[in-house]
Each structure stands twice: as structure tokens, then as C-alpha cells.
Amino acid sequence: MRSLRSELQGVRTEKVGTLESRLTRVSGEVFAQDVWGRTPLLTREASDFRDLFSAAAVDELVSRRGLRTPFLRVAKDGATLPESSFTAPAGVGATAADQLDDTALWRAFAEGATLVLQALHRTWEPMTDLVSTLSEELGHPVQANAYVTPPQGRGFDAHYDVHDVFVLQVEGSKRWIIHEPVLPDPLRDQPWTDHRKAVADAAAENKAHLNTVLNPGDVLYLPRGWLHSAQARDDVSIHVTLGVHVWTRHALAEQLTRAALAALRDDATARRSLPLGADRLDAELDHIRTRLLAAVVEVDARPLYHRARRSQGRPASLGPLAQLAALQNLVPTSPMRLRDALESRWEGRRLVTRVGWLDFTESDVPLVSQLLDGQHRTAGDLGIPLAKRLLRAGVLVPADR
């Protein structure tokens with residue numbers, strides 16, 4: 001197995017995924033072994049990201065898309081500004097009070113504030129496609145935020161994130177200072193604000209693990225917990241952060257415990273009332289501990305885990321009018337494919353997806369399984385009734401989309 005060093009020095013010609021082709025320049029195998037969750041990785045000139053985002057995209061989203069909070073935050077000198085300072089109603093027919101006020105945002109930006117466009121994968125199509133592909137490749141949910149900082153601007157003080165990040169420098173440049181964690185591998189409910197003093201002390205007193213400037217095309221990977229702060233240089237800086245909301249062993253333990261507790265609902269002894277008084281508490285604890293441990297050993301937590309995974313993402317977009325046209329114009333030669341990012345999974349003859357579940361006959365299972373394997377089929381191959389059913393369910397889409 002190649003080391004990270006030999007991978008960086010070598011030349012590889014086989015087909016590569018998004019992680020390698022756009023973000024790291026090392027194979028997924030080497031990234032998983034030597035980098036993932038362990039150490040930062042700086043990749044110079046990883047890719048040209050102008051096809052994904054740009055200054056023009058920022059202006060489009062802020063001024064012409066009717067975005068509302070929380071799709072944007074504004075930060076200055078380490079603090080987040082109140083939403084009321086940059087939102088307002090948008091006039092007749094659009095009176096919701098939390099829409100972005102582009103004039104207020106311009107003034108804040110001119111005075112040194114950083115604009116944070118959140119959940120960019122829900123508002124900007126090129127980022128939607130990247131996030132969907134990367135999430136499938138990593139096996140963990142991914143989100144995208146954009147940070148737009150004026151010259152010499154600083155958005156946030158030193159802090160850590162509770163998710164891994166890939167920082168993609170799109171335009172301008174920014175200096176990043178990285179310190180080792182004060183709390184390795186923090187969980188989602190262990191934010192940096194719970195360790196504010198330790199974070200501040202480490203950033204002020206410890207030698208930086210990395211002090212570098214990111215230029216357009218550079219990518220910085222940071223595992224969760226690593227301290228970081230950044231400041232723009234002499235031009236406007238735009239970077240996109242891909243946040244990887246990792247599944248952890250602790251999360252698996254939560255799913256296993258929930259499955260065991262669900263199983264105990266069917267245990268008559270576990271449902272029994274505790275005896276009056278407190279004298280027998282130790283005996284009761286011993287009894288239920290034994291039953292709970294037995295349930296943990298016996299239950300299958302995988303369905304709960306996969307259900308939770310499905311709930312953390314959305315399927316690829318689907319236009320109702322285009323879908324209706326596909327249904328109305330369906331002929332045996334119509335090419336069909338599975339809708340992207342469905343998180344499809346068989347449970348017996350039931351197909352469970354992010355848009356619901358469908359039961360199939362034994363003869364239909366192999367045909368649908370071919371779709372799950374990424375094969376395109378015609379409506380005639382599937383059979384018109386099955387194709388129509390899958391189209392109506394939002395599971396199948398025309399192959400040209």
C-alpha cells in the first residue's frame with residue numbers, strides 16, 4: 001500500500017474520484033489510511049474552482065435570489081452580527097422580514113465584515129452536484145458554506161469545528177493559522193465555546209502546526225477539533241468550506257442503544273413498575289442492566305443507522321413539470337435511470353429511499369436492482385407499468401437528466 005509521500009511523488013493513471021481529482025491529489029485509499037481524521041493536509045493548486053463558485057455568484061445570491069436567513073450570516077472581528085442588521089422586507093408580495101438587504105450587506109462588507117453564505121449546496125447548483133458526489137464517495141454527509149472576506153478582514157477568532165472540513169480557496173488569498181486540538185475528535189454537542197479559554201490559550205501560546213497562505217486553487221483539509229483562524233490579505237478572499245458531518249463510533253452506540261430500548265418495549269418484565277420504596281433499587285438496576293445488555297447483543301441497529309443517514313441528506317433535485325412530461329411521453333424506448341442521492345437500500349423486497357419506500361414483486365426486484373447498480377434501462381426493459389410506478393414515486397428519472 002502506498003504511503004502519502006510516495007503517492008504525492010508518484011504518477012497515477014487509473015480512474016480517480018472527486019476526492020483525488022479536485023481536492024487532495026492523493027488516492028482515496030491513501031487519504032483514508034494516512035490523513036482522514038488524523039492530520040491536516042495542504043494541497044497546492046488542487047483544482048480551478050471557478051466552475052463551482054465566483055464573485056459573480058456571490059452577487060447573484062445576495063442581490064437577486066431573495067435569500068432569507070439562515071442562508072447568510074455576517075461576522076466581524078470575531079463576532080456574529082445580529083440578523084436584524086442586514087435583513088428587511090422586500091416589498092409588495094415579498095414581505096417576509098428576514099430577507100437579505102443588499103444595501104445593508106454592502107455597507108457591512110465595506111466596513112470589514114465577512115459574509116457567510118450557508119448551505120450553499122441548497123442554493124447554488126454547481127455546489128449541489130459537488131456535495132452530492134463527495135458525500136456518496138466519503139460515506140458521510142457533506143454541506144457547503146462560502147466565506148467572503150474584504151481585504152484584511154477577519155471573520156472569526158481561533159476556534160475548532162465539530163466536523164471535518166475541506167477549505168477551497170476560490171478567489172483572493174487568505175492566511176491560515178492552524179494549531180493542534182485541545183479536545184481531539186469533538187462530538188457535535190462539544191463545541192469550541194465549551195473550551196473557549198483553552199482554545200484561546202493554545203492559539204496564543206502554542207507554536208502553530210501550520211501557518212500558510214491559501215491562494216486560488218489551494219485546498220486545506222482539517223479534521224474536526226483542529227484550531228484555526230484566518231485573515232484575508234490585500235484583496236477580497238472567497239473560499240468555500242465543505243463540512244463533512246462525520247458518523248462516529250459514539251453515533252453508532254447511540255443507534256445501538258435506541259434499537260435495544262425499542263426491543264425492551266416488547267419485554268413484559270422491562271415494562272413492569274418498580275416496587276414501592278427504594279430498598280430494592282440495586283436489584284432492579286442489576287435486572288434491567290442484564291436485560292439491556294442482552295438486547296444490545298441481540299438487536300440489529302443497521303435499519304436505524306441507515307434511516308438516520310437518509311435523513312441527513314436530500315435526493316437530487318426533481319422538477320415536477322419535467323417529471324410529469326416524462327410520465328406523459330413515456331414510450332418503450334424512453335431511457336430511464338435512478339434518481340441521484342436517494343440512499344437506496346433493499347430490506348427484503350422493500351426498497352427504502354430518501355423519498356419513501358416501495359414493495360416489489362420477486363420478478364421486479366432484479367430489474368430495479370440493475371437501476372441501483374447504476375445501469376440505465378429503457379422503459380420497455382423495465383416494463384411500462386413498473387417504469388410509471390417508479391416515475392410517480394420520484395425514484396426514476398429520464399436518463400438525459
Side-chain angles (χ1 to χ4, degrees), residues 32 36-38 70 135-136 138-143 159-165 180-202 223-227 243-315 342-360:
W36 173 250
R38 293 176 175 84
S135 179
E136 184 175 354
L138 297 177
H140 296 266
V142 179
Q143 71 168 70
H159 64 284
Y160 66 75
D161 294 321
V162 293
H163 48 266
D164 292 29
V165 300
E180 294 186 358
V182 297
L183 178 67
D185 299 323
L187 299 175
R188 295 297 302 275
D189 59 355
Q190 295 176 315
W192 76 273
T193 49
D194 290 351
H195 304 273
R196 190 184 298 271
K197 185 177 186 305
V199 168
D201 290 346
R224 58 197 165 103
W226 282 75
L227 312 186
V244 186
H245 293 256
V246 297
W247 276 89
T248 65
R249 289 173 174 171
H250 187 273
L252 285 182
E254 289 181 328
Q255 299 301 318
L256 188 58
T257 303
R258 288 172 185 165
L261 289 173
L264 287 182
R265 292 170 61 90
D266 297 326
D267 184 334
T269 65
R271 298 197 307 268
R272 192 168 299 162
S273 301
L274 293 177
L276 297 178
D279 294 342
R280 295 189 57 192
L281 181 59
D282 289 345
E284 293 296 333
L285 284 172
D286 289 341
H287 171 79
I288 201 61
R289 182 181 291 110
T290 299
R291 295 300 305 129
L292 182 60
L293 289 174
V296 166
V297 171
E298 295 167 3
V299 298
D300 182 3
R302 287 174 294 183
L304 278 177
Y305 164 73
H306 289 295
R307 189 181 309 157
R309 272 182 55 88
R310 287 192 296 271
S311 70
Q312 291 187 329
R314 295 172 62 100
L342 279 179
E343 278 286 332
S344 306
R345 180 177 176 81
W346 284 112
E347 294 180 5
R349 293 190 311 201
R350 173 171 291 179
L351 181 67
V352 184
T353 76
R354 280 184 168 141
V355 295
W357 54 265
L358 294 169
D359 288 329
F360 294 95

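The structure presented is a predicted model; accordingly, all values stated were derived computationally and were not measured.
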*For residues His195 and Tyr160, determine if any side-chain heavy atom of one lies less than 4.5 Å from a side-chain heavy atom of the other.*
yes

*Can you find a heavy atom in the side chain of Trp226 that is under 4.5 Å from one in the side chain of Val165?*
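They are not in contact (no side-chain heavy atoms under 4.5 Å apart), so the answer is no.
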
*Taking only residues two or more places apart in sequence or in another chain, which ones pass salt bridge (Lys or Arg N to Asp or Glu O under 4.0 Å) with Asp189?*
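For Asp189 there are no salt bridge (Lys or Arg N to Asp or Glu O under 4.0 Å) partners, ignoring immediate neighbours.
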
_Short N-O contact, Asp359 and Arg350, less than 4.0 angstrom_ =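 Counted as a salt bridge, because a side-chain N and a carboxylate O are separated by less than 4.0 Å.
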
_Value rounded to 0.5 Å, distance of CZ in Arg302 from CZ in Arg345_ = 6.5 Å

_Reported CD-to-NE2 distance for the pair Gln143 and His163, which is rounded to 0.5 angstrom_ =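 Spacing of CD (Gln143) from NE2 (His163) equals 5.5 Å.
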
*asked:* Please verify the inter-ring angle class for Trp247 with Tyr305; under 30° counts as parallel, over 60° as perpendicular, anything in between as tilted.
replied: perpendicular

*If the plane angle is over 60° it's perpendicular, under 30° parallel, otherwise tilted; pick one for Phe360 and Trp346.*
perpendicular

*Cationic tip of Arg196 within the cone over Trp192's six-membered ring, i.e. under 6.0 Å and within 45° of the normal?*
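The answer is yes, since Arg196 meets both limits relative to Trp192.
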
*Give a yes or no on whether the backbone of Pro223 and the side-chain of Arg38 come within a donor-acceptor separation of less than 3.5 Å.*
no

*asked:* Strictly distance-based, threshold 3.5 Å: is any side-chain N or O of Asp267 a donor or acceptor partner for the main-chain N or O of Thr269?
replied: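 Yes; judged by distance alone, with no hydrogens or angles, the pair exists.
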
*Where Gln190 and Val162 come nearest, the two heavy atoms and their spacing*: O-CG1, 3.7 Å

